[in-house]
Chemist: 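Can you keep this structure in mind? I'll have questions shortly.
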Number of protein chains: 2
Amino acid sequence: MLQLTKDGEYGVRAVLHLASDPMRFSDIKEISAAQDVPGNYLAKIMQQLARSGLVRSRRGAKGGYALSRPPRRITLREVIEAVEGPIFLNVCLIRKGECPRDAICPVHDVWREAQRRLFEVLDSRTMEDLAGEGVKKAARAKGSRA
Amino acid sequence: MLQLTKDGEYGVRAVLHLASDPMRFSDIKEISAAQDVPGNYLAKIMQQLARSGLVRSRRGAKGGYALSRPPRRITLREVIEAVEGPIFLNVCLIRKGECPRDAICPVHDVWREAQRRLFEVLDSRTMEDLAGEGVKKAARAKGSRA
DNA sequence: TATAATCAAGACTAGATTAGTCCTATATAC
DNA sequence: GTATATAGGACTAATCTAGTCTTGATTATA
């Protein structure tokens with residue numbers, strides 16, 4: 001449907017939560033409450049993030065999750081692809097020859113260009129950038145409420 | 001899944017087929033054979049395109065479909081949205097206030113920007129452009145086969 | 001070392017979407 | 001009147017979405 005799923009959305013929220021205090025281990029309960037994500041569902045997503053290597057986990061009491069790299073070195077695209085798998089705006093982009101019509105299809109090049117531009121945006125935003133933006137936005141939101 | 005469905009893909013193929021001879025009425029059988037789309041499935045998609053107004057239909061013998069506007073005035077985005085519905089890369093973009101976290105979410109703006117850039121690409125390609133590209137590509141493919 | 005906390009892995013589910021197929025009714029050219 | 005087409009809708013199998021729940025392994029700490 002050309003739309004990000006909840007997996008991607010929740011994954012980004014979780015990583016942003018970790019990015020706000022990168023060295024601390026946060027557990028599912030904390031992330032779930034702070035980021036408004038169902039706990040049992042978040043658990044699956046965190047496992048995926050851990051398997052991808054973006055996040056490391058620690059079991060047992062005082063366990064939880066922390067980033068494996070500084071937030072500055074994690075892009076939005078990496079997080080999304082870690083939980084959703086690689087992005088292909090059209091199946092014809094999965095690999096050369098995936099679509100037998102490639103040689104004659106005039107739309108293929110447009111999708112390639114569209115995907116390139118999407119990646120430009122998603123690659124250019126790091127978790128550090130976004131976490132900083134989040135702090136600013138939260139402050140503004142609080143200010144306007146006062 | 002952040003991916004175009006077959007509906008969109010087939011819809012574009014069909015409209016491009018009509019664009020190659022915009023005034024002629026082509027029937028399902030012709031489009032289906034030429035564009036490699038299952039006939040019964042294509043029928044549903046053509047009805048959707050007709051309802052959207054992009055294409056007009058004529059029933060009965062010698063009936064079929066033709067474009068309602070010159071190919072130069074139909075964009076790729078229009079065709080895709082006619083069959084798939086409006087594009088929203090993330091649910092938070094559907095409308096202001098759709099996501100209760102908008103005021104504090106730092107990712108919202110990134111999705112808005114990403115969608116804007118995607119639209120730039122999809123809005124800039126008309127069916128005339130693409131049909132022309134298709135003719136060129138077909139000629140090249142034929143040449144390289146010879 | 002017993003216990004409580006916490007992640008890991010996977011089974012399970014209801015509902016929606018995807019990618020079709022098929023049938024009946026209606027309209028039109030000849 | 002008949003053959004040809006679209007219109008509309010019912011139907012389906014397979015997959016995806018967005019969860020929930022259970023069991024098992026690991027770890028800090030009293």
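Each chain gets a letter, A, B and so on, in the order its sequence line appears, and its residues count up from 1.
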Chemist: Rounded to whole Å, how long is the line connecting atom CD of A/E30 with atom P of C/dC7?
Modeler: 10 Å
Chemist: Would you tell me if any nitrogen or oxygen in the side chain of A/Y10 comes within less than 4.0 Å of OP1 or OP2 on D/dA18?
Modeler: no
Chemist: Can you check whether A/R117's main-chain N or O pairs, donor with acceptor, with B/R117's side chain at less than 3.5 Å?
Modeler: no
Chemist: Determine the contact category for B/R51: base if any of its heavy atoms lies under 4.0 Å from a base atom, sugar-phosphate if only primed atoms, P, OP1 or OP2 are that close, otherwise nothing.
Modeler: sugar-phosphate
Chemist: As a test of reading the structure: which of C/dG20, D/dA5, C/dT18 is closest to the side chain of B/K29, going by heavy atoms?
Modeler: D/dA5
Chemist: Using whole Å, what does the distance between atom P of nucleotide C/dA27 and atom CD of B/Q47 come to?
Modeler: 14 Å
Chemist: Rounded to the Å, how far apart are B/F25 CZ and C/dA27 P?
Modeler: 17 Å
Chemist: Less than 4.0 angstrom between a side-chain N/O of A/Y41 and OP1 or OP2 of C/dT13, yes or no?
Modeler: no
Chemist: Among the nucleotides D/dG19, D/dC21, C/dG20, which one has an atom lying closest to any side-chain atom of B/K6?
Modeler: C/dG20
Chemist: Can you measure B/R56 atom CZ to D/dT6 atom C1' for me and round it to whole angstrom units?
Modeler: 15 Å
Chemist: Let me spell it out: for each of B/K62 and A/G63, pick the nucleotide of DNA chain D with the closest heavy atom. Which residue's pick is nearer the 5' end?
Modeler: B/K62
Chemist: For A/M46, which contact category applies under a 4.0 Å heavy-atom criterion: base, sugar-phosphate, or nothing?
Modeler: nothing
Chemist: To the nearest Å, how far apart are B/D7 CG and C/dT21 P?
Modeler: 13 Å
Chemist: Determine the minimum heavy-atom distance between A/S32 and A/L42, stating which atoms define it.
Modeler: N-CD2, 3.6 Å
Chemist: Rounding to an integer number of Å, can you tell me how far B/R13 CZ sits from C/dA19 P?
Modeler: 12 Å
Chemist: Starting at SG of B/C105, measure out to CZ of A/R13 and round the result to the nearest 0.5 Å.
Modeler: 7.0 Å
Chemist: A/Q3 has an atom CD; how far is it from atom P of D/dT17, in whole Å?
Modeler: 11 Å
Chemist: Do side-chain atoms of A/Q48 reach the backbone of A/V83 as a donor and acceptor pair under 3.5 angstrom?
Modeler: no
Chemist: Starting from the 5' end of DNA chain C, give me the residue, A/M1 or B/N40, whose nearest nucleotide shows up first.
Modeler: A/M1
Chemist: Do B/K62 and B/F25 come within less than 4.5 Å of each other through their side chains, counting heavy atoms only?
Modeler: no
Chemist: With respect to the side chain of A/R59, which nucleotide from C/dT6, C/dG20, D/dA28 is positioned closest?
Modeler: C/dT6
Chemist: Would you mind reading off the distance between B/Q48 atom CD and C/dT18 atom C1', rounded to a whole angstrom?
Modeler: 15 Å
Chemist: Report the nucleotide, chosen from D/dT6, C/dA8, D/dA3, that has the shortest atom-to-atom distance to any side-chain atom of B/A61.
Modeler: D/dA3
Chemist: For B/D27 and B/K44, take the nucleotide of DNA chain D holding the closest heavy atom to each; which residue's nucleotide lies nearer the 5' end?
Modeler: B/D27
Chemist: Does C/dT6 have its OP1 or OP2 closer than 4.0 Å to a side-chain nitrogen or oxygen of A/S57?
Modeler: no
